[in-house]
Every structure is written in structure tokens, then in C-alpha cells.
Amino acid sequence: MRFRHGTRNLMAICIGVTAVASLAACTSSSGTATAGQQSSTLQEVVKRGTLNVASCLTFPPFGSMDKNNKPQGFDVDVATAMATALGVKVHIVDTTSANRIPNLQTKKVDAVVCNFTTTAERAKQVAFSDPYIVAGEVMLVKKSSGISTIKDLSGKTVAVTKGSTNGDAVKAGNPKAKIQEYDTSSAAVLAVKQGQADAMVEDSNFLNYQAKQDSSLKVTKDSVVPLEYNGIGVPLGDATWLQWVNTWLRDFNTSGQAGALYKKWFGVDRVFPLNPSY
């Protein structure tokens, strides 16, 4: 079949694309995207001049409010470092574990930095960056409780946070445990302190911090989940934004900045390597 010169040029640029689709898919010779191409969150953030980040501000030392009612914590500092790298301001949106995914899906925020464990189920709804912090899932109990392993939870009430994976992990390890969900991790800790729950299962970084604040509490050595890798959550399907976050995160981790912030908030060096080994 013969082609006129102009048609041959169009096919050279848009090979494999139908004639109708090529009107929306092709770019001009200068490389500028057509009106039909959606912009990335990356461009939107830079144009807006503000990075909106969801963090859990009832989860110290990851997130909390200082005496001046301003957000503070490890995750808040991570979000601030992201914004600095982008040359924009950061706006922290307080969230709960259960609202992390809805906040992304409704575009209330550009990213979630809130101890967000990466799971295959969650990845159906949001995209995750490479890990920026790693933890085991352990139990917080009163020193007088007699609880040391997950087997000791039979007939006991275990506090977990709504929207977390911890309830399922406890049930898998001990079906006889009673799960009680709380809106925030702080509320779950308080339930243990007040005797409304016998144990709480949560991130080891968070629970070790809680035990340091209250001498009546301890963290058990027995892990409910050996290791969990926490990433930054971003909207599903935005490859450009995810690529930028991962590229920045690599520099953030390898430069020593991430390690310095971890020691600032947790008082110790990182316990686990960021990259899993098999």
C-alpha cells in the first residue's frame, strides 16, 4: 500500500498507534504534551508551591503536636525534607490509619508519610515508594501482665489501630485472641495503661518509644510479624511522581540525612536495614 509523504511521517512518529488515538497521544516536535495528556502530581505540586502530606499526629515520635500546636515528629521531618527538595512549602494534614488511602484517592493529599506498611492488598489502591523505615510488629504490655509471646494472648483483649494490618496478624498467630480496634495508636496505648486491653500490637519503633515513656510498660521480644517495610504512599498510576519520590528517597537515605533524623527522634541508630534480603 502506498502512502503520501505526510502520512508516512505521521506513522514514523506514532507507530503502533491508531490514526484517531495519535491525535491525543503524539507530541509536537518541541516535545510539549498535547492537551489530552494528564499532568503529574509532581508538576502540580511545583506549580502550587505546596506539598500536601498526610501524617498521623497521634503517633509519637512519628507524628504529634508540639507545645505551640504545630506538627512534629520523624514522619513530619521526612515530609518537610521532601518539600525542601522540591523547593516548595509543606502542609501537614493530620490523618488516621484508616483514612490514609481515602486521603490519596480523593486527592486531599499528594503523599502519605505515616508509618504506611506496604502490602499487596493496599497496592491495589495506592502506590508505594521504596522503604524509608523498617520495623517488626511487637506487643506492648504491662510488666505485670505475664504476657511474653503471642500464645499468651488466648482469651486476652488485644488493642490494634483501625486500618492497620495488626488485627489480622494477631488472629493468624492466635485465633483465640480478642481484637479491639481503636481510632488512634495513642488511644490503644491508653487502653493498655488503663487495663481495658491486655496488650497492644504495633510498630516496634513506636512501642519501644512508648515503653521508654512509662516504666510500667514493656515490649515483648516475641514478634507478631518479623519485619514490615514502610513506604511513602502516592496516588496509583502516577509513574512520574513515584519515580521522583523514589529518586529523592535514595539520596535522602544514602546521604545520612534519614539516619540522622531517626536518631534524633528515636535516640538510637536504625535497627534494621532498609532493603530486604531473601
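Note: hydrogens, waters and symmetry copies are ignored here, and every other heavy atom, side chains too, is used.
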Legend entry - Interatomic distance, Asp110 atom CG to Asn103 atom CG [nearest 0.5 angstrom]: 11.0 Å
Inset, instruction - Can you measure from NZ (Lys218) to NZ (Lys143) and round to the nearest 0.5 angstrom? - result: 9.0 Å
Give a yes or no answer on whether the side chain of [X] reaches the backbone of [Y] with a donor-acceptor pair at less than 3.5 Å.
X: Thr96; Y: Asp183; value: no
X: Arg48; Y: Thr50; value: yes
X: Asn99; Y: Pro102; value: no
X: Thr119; Y: Arg122; value: yes
X: Lys142; Y: Ser216; value: no
X: Arg100; Y: Cys114; value: yes
X: Ser40; Y: Gln43; value: no

Would you indicate whether the side-chain heavy atoms of [Y] and [X] approach each other to under 4.5 Å?
X: Val141; Y: Val192; result: no
X: Glu44; Y: Ser39; result: yes
X: Glu137; Y: Leu227; result: no
X: Asp214; Y: Leu217; result: yes

Inset, instruction - Give every residue pair that meets the ring-ring contact (aromatic ring centres under 6.0 Å, His included) criterion with at least one member in residues 145-187, sequence neighbours excluded. - result: none
Inset, instruction - Report the residues that fulfil salt bridge (charged side-chain N to carboxylate O under 4.0 Å, His left out) with Lys171, sequence neighbours left out, ordered by chain and then residue number. - result: none
Inset, instruction - Could you list all the side chain to side chain donor-acceptor pair (under 3.5 Å) pairs where at least one residue sits in residues 244-261, not counting sequence neighbours? - result: none
Inset, instruction - Could you note down all residue pairs passing side chain to side chain donor-acceptor pair (under 3.5 Å) where residues 58-69 supplies at least one of them, sequence neighbours left out? - result: Ser64-Gln72
Got a list of side-chain donor-acceptor pairs under 3.5 Å for residues 195-210, not counting sequence neighbours?
residue : atom : partner : partner atom : Å
Gln196  : NE2  : Gln194  : OE1          : 3.2
Asp198  : OD2  : Thr157  : N            : 2.8
Glu202  : OE2  : Ser185  : OG           : 3.4
Asp203  : OD1  : Asn205  : N            : 2.7
Asp203  : OD1  : Phe206  : N            : 2.9
Ser204  : OG   : Gly136  : N            : 3.1
Ser204  : OG   : Gly136  : O            : 3.3
Asn205  : OD1  : Tyr262  : OH           : 2.5
Asn205  : ND2  : Val134  : O            : 3.2
Asn208  : ND2  : Ser204  : O            : 2.9
Gln210  : NE2  : Pro60   : O            : 3.3

Legend entry - Which atom of Cys56 lies closest to which atom of Ser97, heavy atoms considered: SG-N, 4.3 Å
Legend entry - Val224 versus Ala169, closest heavy-atom pair with distance: CG1-CB, 3.7 Å
Side chains of residues 73-94: which donor-acceptor pairs under 3.5 Å do they make with residues two or more places apart or in other chains?
residue : atom : partner : partner atom : Å
Asp75   : OD1  : Tyr132  : OH           : 2.7
Asp75   : OD2  : Asn115  : N            : 3.2
Asp77   : OD2  : Lys264  : NZ           : 2.9
Asp77   : OD2  : Trp265  : NE1          : 2.8
Thr80   : OG1  : Val76   : O            : 2.8
Thr84   : OG1  : Thr80   : O            : 2.9
Asp94   : OD1  : Leu57   : N            : 3.0

Inset, instruction - Could you please spell out the steps behind the side chain to side chain contact (heavy atoms under 4.5 Å, CB included) verdict for Val170 and Ile179? - result: CA-CA 8 Å; Val170 172; Ile179 305 300; 3.6 Å; yes
Inset, instruction - Evaluate side chain to side chain contact (heavy atoms under 4.5 Å, CB included) for Leu236 paired with Phe128, printing each intermediate quantity in order. - result: CA-CA 9 Å; Leu236 193 66; Phe128 287 101; over 6 Å; no
Inset, instruction - Indicate whether the side chain of Thr117 and that of Asn230 have a donor and an acceptor atom separated by less than 3.5 Å. - result: yes
Legend entry - Polar side chain donor-acceptor pair, Asn174 to Ser154, under 3.5 angstrom: yes
